[in-house]
Amino acid sequence: MLTILFDGVAYGMLLFVLAVGLCVTLGLMNFINLAHGAFAMAGGYLTVVLLNKFGVSFYLCLPAAFVFCAILGAVLERTLYVRLYDKSHLDQVLFSIAIIFMSIATVDYFMGASQQIVNLPPSLQGRLEFLGASVGVYRLFVIIICGLMTIALQYALARTRFGSRLRAAVDDGRVARGMGIDVTKIFAITFAVGSGLAGLGGALGTGILSLYPTFPLKYMILFLIVISVGGTTTITGPFFASILLGVADVTGKYFLPSFGGFFIYTIMVAVLILRPQGLFVRGASR
Amino acid sequence: MSELLALDDVSAGYGEALVLNHVSLSLDEGKSLALLGRNGTGKTTLLNTIVGLTRRRGGTLRLLGRDITNLRPDQRAEAGVGWVPQERNIFKSLTVDENLTAVLRPGPWNVDRIYAMFPRLAERKKNMGNQLSGGEQQMLAIGRALALNPRLLLLDEPLEGLAPIIVDELLAALGKLIRDEGMSAILVEQSARKILPLTDRAIILERGAIAYAGDSSALAGDQTTLHNLLGVAERPGQKPARAH
Amino acid sequence: MTVVLETRNLCKSFGGITATDNVTFKLEAGARHALIGPNGAGKTTFVNQLSGVLSPTSGTIILNGQDITNWSVRRRATSGLARTFQINQLFADFTPLQTILLAITERENAGSQWWRTSGARSDFVDESVTLLTSLGLADVMQQRVGSLAYGRQRLLEIAIAVAAKPSVLLLDEPAAGVPESDRDQILDVVDSLSADVALVLIEHDMDLVFRFAKSISVLVNGALFVEGTPAEIANDPRVRQVYLGEEELLHV
Amino acid sequence: MSAVDVKAPANGATARLSLLAGARWRWYEIAFWIVVPSLYFLAPTKLTLLSEILILGLLALSIDLVLGFAGIVTLGQGGFFGLGAYAAALMAKWGAGTAPLSDPLLGLAVAAGVAGIAGFLTSFLVLRGSDLTRLMVTLGLALIVDETANKMKWLTGGSDGLQGVLPAPVLGVWDFDLYGRVAFCYALAVLFVLFLVARQITKSPFGLSLQAIKGNPLRARTIGMPVNARLVAIYTIGAMFAGVAGGLLAQTTQFASPDMVAFHRSADALLILIFGGAGYLYGGLIGAGVFRVMQDILSNITPQYWQFWLGLVLLMLVLFVRGGILGLLRATRDRFFPPSSDKAAP
């Protein structure tokens with residue numbers, strides 16, 4: 001039982017790192033980037049290539065995936081995404097789907113359609129006895145890294161000047177501009193960091209998530225659930241939503257395998273109907 | 001005196017609507033201007049145009065001799081425009097302290113000096129932006145604009161909706177800022193009597209154009225103009241055209 | 001005279017702030033009434049309650065003898081209360097003709113007919129054309145609304161409200177944002193509106209108020225401060241104080 | 001004023017003619033409906049593909065009604081398509097290939113009914129909230145249908161699909177043949193009838209009111225329009241159209257599987273409509289043709305990777321071309337033959 005809970009938490013924290021960039025940029029620019037999962041996939045496949053083809057250490061793959069995806073995100077944001085900000089949500093969704101399709105086909109072309117397996121370093125294999133439960137070392141590693149990332153994010157957002165400028169921009173972009181805050185630049189940086197985190201999540205997830213070309217489509221749905229339950233105005237909302245979703249998904253699959261995704265989709269629709277702004281959003285803000 | 005701000009034949013509005021019609025004005029450094037007019041005459045639009053938030057349809061703007069017509073709002077803030085928006089628009093998920101530090105630029109105004117000016121804010125440093133009273137929000141909005149260390153302060157109806165005792169407190173602070181510190185400012189206000197004593201010059205807008213420009217002290221004594229342009233009155237010489 | 005619109009002890013508060021303070025107001029058939037007041041006086045809040053966008057905290061609103069306090073926007077609109085918006089609310093991709101035809105079709109409860117072709121009812125079309133012509137929009141009635149000059153769009157905004165054949169028409173700053181050259185046309189249209197309709201003009205522009213209104217209400221801090229003829233209001237020292245900023249005197 | 005009154009009727013007659021002219025059949029419309037049936041003789045070996053195009057076109061048409069005319073963004077039309085497919089398939093199966101239960105038209109009626117009821121019930125959930133919420137709710141609902149189809153093995157055959165779907169002969173006369181001749185004619189006839197209905201809807205006061213809601217819901221409400229009732233109506237109609245499309249596919253392919261409900265079905269149909277141009281009625285039909293033909297050609301050049309080109313074309317459409325193929329054609333026409341009186345809403 002405790003093992004399942006532990007696996008669920010690991011999965012949930014991974015989801016959080018994958019999705020958090022999308023939540024923040026959606027709250028900041030009201031831009032729905034359904035293709036966010038493509039960055040995670042890029043991180044995952046980069047790790048596969050570096051690890052399996054070039055024998056780079058798994059521990060080095062993680063920062064490499066972050067940096068690579070952050071640069072990729074920054075370039076795409078400046079060249080393509082920037083043209084979509086003042087268009088309708090429908091256009092943004094179509095654009096995202098186009099990016100998803102292209103990324104799926106590209107990965108399929110270079111890497112093939114089959115699922116990719118990575119050989120984790122021996123130090124991350126095996127299991128530990130922890131509080132009477134058997135715990136995978138790798139999942140523990142995932143929890144530690146994601147936990148550190150979460151703390152770092154929370155610190156950056158709550159304690160740094162960049163964080164307060166970012167929050168100001170989310171609160172009221174128009175006035176923030178009038179107060180000398182370069183919202184466009186803040187958004188570009190946030191987008192890059194968010195993409196980088198997705199890439200890191202994708203790299204970390206190679207051992208947990210199944211990595212094949214339709215990854216962005218599959219996880220798009222999970223990200224949407226995280227957003228609809230967690231809201232976009234804080235990062236604690238998406239954090240708890242991810243943990244909840246991770247635990248619910250893992251326990252659901254364990255105890256009621258026949259229900260599969262049914263359970264979480266129903267939760268998503270129910271939440272959207274009851275609270276169109278997300279479950280964890282602070283009550284009426286004005 | 002060197003010129004601080006100059007608007008040359010500026011027309012602006014929102015979307016299709018045109019609100020400002022061919023407005024020209026200039027303000028010297030260290031001087032202050034009262035921007036008066038009934039509501040809907042374009043006062044806020046004029047300030048927002050200086051900040052860079054409206055759709056400009058023509059004309060040019062200069063700040064300290066530099067053409068700022070095509071600068072973005074954040075670049076204008078950097079160039080020296082400090083703005084106190086009409087609705088205050090305090091960043092609600094930032095603390096009082098963060099509201100100041102997030103926008104702070106180097107210069108004579110630092111956070112301590114702002115707190116010294118508004119001691120009430122110092123007591124509420126750790127409060128979130130949405131946990132302040134109206135008067136405190138207004139003080140914070142002014143403090144936030146000062147944190148930019150602006151050359152020109154734009155105040156959009158800073159006294160509106162506040163209790164009389166707070167109005168007096170704010171007027172005293174503004175008086176200190178403008179008269180004693182020599183801060184250049186444009187004050188938008190509906191109640192002419194309150195801000196005319198604070199300012200050097202006054203402009204009255206009507207239908208987006210300048211209907212009166214002159215010295216504040218002269219305007220304060222000019223009952224007829226005040227009544228005709230700001231009060232409830234017909235414009236002299238214009239008869240109701242309902243006859244036909 | 002018959003009273004067409006009435007509010008009794010209307011109050012609205014947001015949180016602790018009273019935006020409408022016990023307003024009791026009567027409007028007679030065919031009235032030409034202006035509603036003025038300084039910023040934050042609560043004009044918009046008041047009008048939003050009349051048109052049903054906001055519901056009052058307490059008090060009643062009566063239209064043609066019926067209590068409409070809890071009616072929806074749509075039901076009020078179909079019962080004789082029409083309004084224009086300060087910022088144009090138009091259908092940019094329609095022609096003025098289509099716009100007015102739509103408004104008339106909805107007024108006649110024929111808007112859900114899917115088996116008939118739009119334009120088949122010649123009486124509706126004729127009425128649309130007559131209305132557009134009388135408002136000086138005949139020459140542009142087949143053009144795309146989004147491509148019309150702003151002044152023409154403002155006229156169409158009024159035309160939509162008139163098409164509903166209202167007994168009460170709320171005009172929210174009809175000339176706002178219109179270039180000086182097109183202004184007279186709008187004022188003429190407002191002047192020429194049918195004498196059967198009770199008009200309420202929400203306006204800051206005193207030229208327009210004095211040209212048009214036969215009675216004026218001044219709203220201050222959400223309460224009805226004073227009512228009277230234009231001459232009475234213009235010469236009222238208390239109104240002068242409110243507008244020129246000597247509010248302290250009010251508290252005496 | 002008197003001059004105005006005299007002038008009005010004459011003006012009114014021209015105005016009325018111009019309004020009615022919008023509903024008249026144009027030469028290109030007639031040409032379209034001559035070309036499509038003649039494909040039966042022109043491409044007798046491609047009838048299966050053509051039937052599929054017609055069905056995809058009908059699905060895209062259902063989205064056009066909801067999105068192109070009423071402005072409701074949806075990613076869930078595939079859900080109604082799937083419901084219709086299963087409903088028609090089950091009817092055919094239970095009737096074991098004999099009338100009355102297996103009658104294809106009855107099957108389509110049931111498919112329309114089931115999808116319509118689902119559309120009506122979910123419309124109240126969908127109409128709340130912003131575009132973003134609508135996208136997510138419609139997507140979520142379609143995913144639930146997908147999961148249900150997967151998991152209710154006893155009814156749907158699970159991921160293996162539903163076997164033994166044997167519709168009775170059409171109108172008791174024409175049995176579905178191996179070459180897809182009957183299937184093509186049947187699908188074409190159904191599409192044509194539903195197209196006529198859709199066309200009439202869009203040219204009617206009801207259709208005009210939908211476009212008004214799309215343009216400015218606040219104004220629509222203040223002229224006394226029952227906005228929500230209208231949207232519920234068109235969403236339900238759209239669901240019925242999608243249900244019929246699903247039913248057609250199940251009957252003509254004699255098969256139903258969760259693949260018919262999957263997300264890519266909704267996404268493809270939306271893309272088809274965007275390709276062709278939303279708000280023209282023909283956009284979905286033309287888009288479906290171009291989409292499937294493009295898919296065939298590109299798959300031949302780069303097997304499996306046609307998705308890349310699809311994405312690239314879509315990207316270009318979103319960034320540079322408004323209104324899809326038909327929008328492009330109209331822009332070209334307006335450029336070379338500027339319209340005398342600037343016509344608004346299509």
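As the structure is a computational prediction, the values presented were derived from the model and not from experiment. Sequence lines set the chain letters: A, B, ... in the order given, protein chains first and strands last, and positions in each chain run from 1.
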Hey, is OH on C:Tyr150 packed in by over 12 heavy atoms from elsewhere, all under 6.0 Å?
yes
Looking at every non-hydrogen atom in both residues, tell me the closest pair between C:Gly111 and D:Ser209 and how far apart they are.
O-OG, 3.8 Å
Most heavy-atom pairs under 4.5 angstrom with chain D, which of C:Arg121, C:Glu127, C:Arg107, C:Gln89?
C:Gln89
Which portion of C:Glu157 sits near chain D, non-hydrogen atoms under 4.5 angstrom:
both
Counting heavy-atom pairs under 4.5 Å with chain D, which one of C:Val73, C:Leu132, C:Val53 comes out on top?
C:Val73
Under 4.5 Å from a heavy atom of chain D, the part of C:Leu90 involved:
backbone
If I compare all heavy atoms of D:Ile223 with all of C:Ala103, which pair ends up nearest, and what's the gap?
CD1-CA, 3.9 Å
So, taking the atom named CG in D:Leu210 and the one named CH2 in C:Trp114, what distance separates them when rounded to the nearest 0.5 Å?
13.0 Å
Output, in order, the C-alpha distance, side-chain angles, deciding distance and verdict of side-chain contact (heavy atoms from CB on, under 4.5 Å) for D:Arg219 and C:Ile160.
CA-CA 9 Å; D:Arg219 171 47 89 189; C:Ile160 294 175; 3.8 Å; yes
In sequence, state the C-alpha distance, the side-chain angles, and the governing distance for D:Leu208 and C:Gln98, and then conclude on side-chain contact (heavy atoms from CB on, under 4.5 Å).
CA-CA 8 Å; D:Leu208 194 66; C:Gln98 285 174 318; 4.1 Å; yes
Between C:Leu97, C:Leu81, C:Thr105, which has the largest tally of heavy atom pairs under 4.5 Å with chain D?
C:Leu97
Does D:Trp27 CH2 have over 12 foreign heavy atoms under 6.0 Å away?
no
Okay, D:Ile201 and chain C: the region with an atom under 4.5 Å from a heavy atom over there is both
Would you indicate whether D:Leu218, at its atom CG, is surrounded by more than 12 heavy atoms from other residues, nucleotides or ligands within a distance under 6.0 Å?
yes
Could you walk me through whether C:Arg74 and D:Val227 pass the side-chain contact (heavy atoms from CB on, under 4.5 Å) test, one step at a time?
CA-CA 9 Å; C:Arg74 167 178 128 66; D:Val227 168; over 6 Å; no
Distance-minimising heavy-atom pair for D:Pro205 and C:Ala110
CB-O, 3.7 Å
Distance col, row D:Gln211:CD vs C:Ser118:OG, nearest 0.5 angstrom, shows 9.0 Å
Supply the atom-to-atom distance C:Leu102 CG to D:Ile213 CD1, rounded to the nearest 0.5 angstrom.
9.0 Å
Please identify, among C:Ala120, C:Ser128, C:Gly52, the residue contributing the most non-hydrogen atom pairs under 4.5 Å to chain D.
C:Ala120
Of the listed residues (D:Gly215, D:Ala220, D:Pro226, D:Gly207), which shares the most heavy-atom pairs with chain C below a 4.5 Å separation?
D:Pro226
Going from CE on D:Met225 to OG1 on C:Thr78, what distance comes out if it is rounded to the nearest 0.5 angstrom?
12.5 Å
If you measure from the Lys or Arg side-chain nitrogens to the Asp or Glu carboxylate oxygens, is any gap between C:Glu106 and D:Arg230 under 4.0 Å?
yes
Per-pair distances, 0.1 Å, donor-acceptor, side chain in residues 63-74 of chain D, under 3.5 Å, sequence neighbours excluded:
unit_1, atom_1, unit_2, atom_2, d
D:Asp64, OD1, D:Gly279, N, 2.6
D:Asp64, OD2, D:Gly279, N, 3.4
D:Asp64, OD2, D:Leu281, N, 3.0
D:Thr74, OG1, D:Gly76, N, 3.0

Write down the atom of C:Trp115, the atom of D:Gln200, and the distance for their closest heavy-atom approach.
O-NE2, 3.1 Å
The interface call for C:Ser112 against chain D, heavy-atom contacts under 4.5 Å, is both
